[in-house]
Amino acid sequence: MKTRTITLIIAMMLTAICSQGLGAQEYVTVDSLVYRPVSAVDSTLVGRDIFSVMPSRAAGAGADVNVSQSQAISGALSAHIAANPDRKLSGYRVRIFFDNGQNARQASQQTLDKFRKGHPGISAYRSFQNPYFKVTVGDFRTRSEALELLERIKSEYPSAFILKENINYPAVDREHAYIVDTVKVLRKAE
């Protein structure tokens, strides 16, 4: 939906430019930052039955929440969760290590340990896909979020790059209320 909206806006701007008799070469597309609210979904509930996490005094909460529902609804929800255990989210990560040399296994583990020690709170993953050992870091919904991390670690890992991958659900963080995303904007050439 977002891509369609941006494409529509650019198409409308190009139509306006051409109708004024101006050449499109007088305009350029540039990257611009857009701030949007983070997802309100709590990713800690992924794969869990919502009715099993309702507050109760027996579990130490201040009140009881009772839900009266049909057994068919409860069964359908349980069946849906059971049928989708490995549901993945497409996103971005930063690859900081990629090698197939004789010492690649040891070097990938050292890179992973060094990253985890220097950047606690950022997820890091080590994998082997014959013949390469890889270390990727972060779980980002947008390329712009991954780019922020890449800029921070580029001096430590000069060969790092961003790639699109299936990611784990990023934690919803109250301290970061907005996601920064990059969009193309049409501007008059100088």
Side-chain angles (χ1 to χ4, degrees), residues 1-46 86-100 104 107-108 111-112 114-127 129 132-190:
M1 182 69 182
K2 183 172 87 171
T3 305
R4 216 178 314 155
T5 305
I6 293 170
T7 305
L8 181 61
I9 291 170
I10 290 174
M12 289 172 39
M13 291 176 71
L14 284 172
T15 304
I17 291 167
C18 292
S19 68
Q20 294 176 1
L22 299 175
Q25 56 272 46
E26 295 178 19
Y27 288 83
V28 294
T29 58
V30 294
D31 287 340
S32 182
L33 295 179
V34 174
Y35 294 86
R36 59 186 173 86
V38 295
S39 173
V41 176
D42 185 357
S43 58
T44 60
L45 296 175
V46 172
D86 296 327
R87 195 166 189 185
K88 297 291 183 184
L89 175 67
S90 182
Y92 298 90
R93 287 191 174 146
V94 178
R95 168 110 2 108
I96 60 172
F97 182 87
F98 183 81
D99 194 10
N100 68 343
S108 66
T111 301
L112 180 69
K114 176 186 169 191
F115 183 86
R116 285 183 174 163
K117 184 178 179 185
H119 306 277
I122 299 175
S123 52
Y125 307 93
R126 180 176 163 236
S127 61
Q129 190 172 23
Y132 295 99
F133 284 91
K134 305 171 186 179
V135 177
T136 54
V137 296
D139 289 310
F140 303 105
R141 288 184 175 100
T142 66
R143 185 173 183 84
S144 296
E145 291 172 330
L147 188 59
E148 286 180 34
L149 176 64
L150 179 63
E151 291 301 317
R152 278 193 298 170
I153 66 172
K154 195 68 170 171
S155 61
E156 285 178 82
Y157 306 96
S159 62
F161 60 95
I162 297 172
L163 69 146
K164 190 167 181 105
E165 246 183 29
N166 286 336
I167 62 170
N168 295 323
Y169 284 88
V172 176
D173 188 352
R174 292 179 191 253
E175 294 177 19
H176 300 95
Y178 291 92
I179 293 174
V180 181
D181 205 356
T182 307
V183 296
K184 296 281 186 189
V185 177
L186 194 61
R187 293 214 176 129
K188 199 171 198 174
E190 295 185 25

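Values below: every heavy atom of this structure, side chains too, minus hydrogens, waters and symmetry copies.
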Item to check | Rounded distance [0.5 Å steps], CD in E165 versus OG in S90 | outcome: 9.5 Å
Item to check | Between CZ on residue R143 and CG on residue L163, distance to nearest 0.5 Å | outcome: 9.0 Å
Checklist entry - Y125: what forms a side-chain contact (heavy atoms from CB on, under 4.5 Å) with it, not counting sequence neighbours? => result R93, S123, T136, D139, N168
Next on the checklist: Looking at every heavy atom in both V94 and A146, which two are closest together, and how far apart are they?
Outcome noted: CG2-O, 3.7 Å
Checklist outcome for this item: Residues V137 and A124: closest non-hydrogen pair is CG1-CB, 3.8 Å
Checklist entry - Among all residues two or more places apart in sequence or in another chain, which pass the side-chain contact (heavy atoms from CB on, under 4.5 Å) test with R126? => result R105, S108, Q109, L112, F133, V135
Next on the checklist: Tell me which pairs pass salt bridge (Lys or Arg N to Asp or Glu O under 4.0 Å) where either residue lies in residues 151-163, with sequence neighbours left out.
Outcome noted: none
Checklist entry - What is the distance from atom CG of D99 to atom OG1 of T111, rounded to the nearest 0.5 Å? => result 9.0 Å
Checklist entry - What orientation do Y157 and F115 show, parallel under 30°, tilted 30 to 60°, or perpendicular over 60°? => result tilted
Checklist entry - What distance separates T142 OG1 from Y92 OH, expressed to the nearest 0.5 Å? => result 8.0 Å
Item to check | Distance, nearest 0.5 Å, that separates CZ of F140 from CG of L150 | outcome: 9.5 Å
